Amino acid sequence: MTTKLQIDGMSCDHCVRAVKQALEGVAGVARAEVTVGAADVEGEAAPDALLAALDAEGYAARVA
């Protein structure tokens, strides 16, 4: 299953790395492909868990 996310507040490669690390730390995530402003997350993680992980890092996100 792939979950597409729109992410606000990202502006650089540091943001991309931080978001990727946060998403890949969520149980059930097999892989996260992250670009500035968006992410495609593969695996069985609940969307709410993905959004909570990003919120904890200071990024507002929503399922696209």
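Just so it is clear, the structure is predicted and the values come from calculations on it, not from any experiment. In what follows, every heavy atom counts, from backbone to side chain, and hydrogens, waters and symmetry copies are set aside.
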query = Between CG of Asp8 and CZ of Arg62, what distance do you get to the nearest 0.5 Å?
reply = 4.5 Å
inquiry  = My understanding is that only residues two or more places apart in sequence, or in another chain, count here; which of them pass side-chain hydrogen bond (donor to acceptor under 3.5 Å, both in side chains) with Glu33?
reply    = Arg31
query = For Ala45 and Met1, which heavy atoms make the closest approach, and how far apart are they?
reply = O-CE, 3.8 Å
ask   = Name the one of Val34, Asp40, Leu54 that satisfies side-chain contact (heavy atoms from CB on, under 4.5 Å) with Leu5?
value = Leu54
task = Give every residue pair that meets the salt bridge (Lys or Arg N to Asp or Glu O under 4.0 Å) criterion with at least one member in residues 44-56, sequence neighbours excluded.
result = none
key: side-chain contact (heavy atoms from CB on, under 4.5 Å) involving Ala53 - partner list, sequence neighbours excluded   = Val26
task = Report, as yes or no, whether the 6.0 Å neighbourhood of atom CD on Gln21 holds more than 12 heavy atoms from other residues, nucleotides or ligands.
result = no
remark   = Across all chains, not counting sequence neighbours, the side-chain hydrogen bond (donor to acceptor under 3.5 Å, both in side chains) partners of Glu24 are Lys20
remark   = Heavy-atom closest pair (Ala22 atom, Glu57 atom, distance to 0.1 Å) is CB-CG, 3.6 Å
task = With sequence neighbours excluded, tell me which residues meet side-chain contact (heavy atoms from CB on, under 4.5 Å) with Ala30.
result = none
remark   = When every non-hydrogen atom of Ile7 is compared with those of Ala38, the smallest separation belongs to CD1-C, 4.1 Å
ask   = Is there side-chain contact between Val29 and Leu50, with heavy atoms separated by less than 4.5 Å?
value = yes
Met10 to Gly37 - nearest heavy-atom pair and separation = SD-N, 3.4 Å
ask   = What is the distance from atom OH of Tyr59 to atom CG of Leu51, rounded to the nearest 0.5 Å?
value = 15.0 Å
Return a table of donor-acceptor pairs under 3.5 angstrom between the side chains of residues 11-19 and protein atoms on other chains or two or more places apart.
none

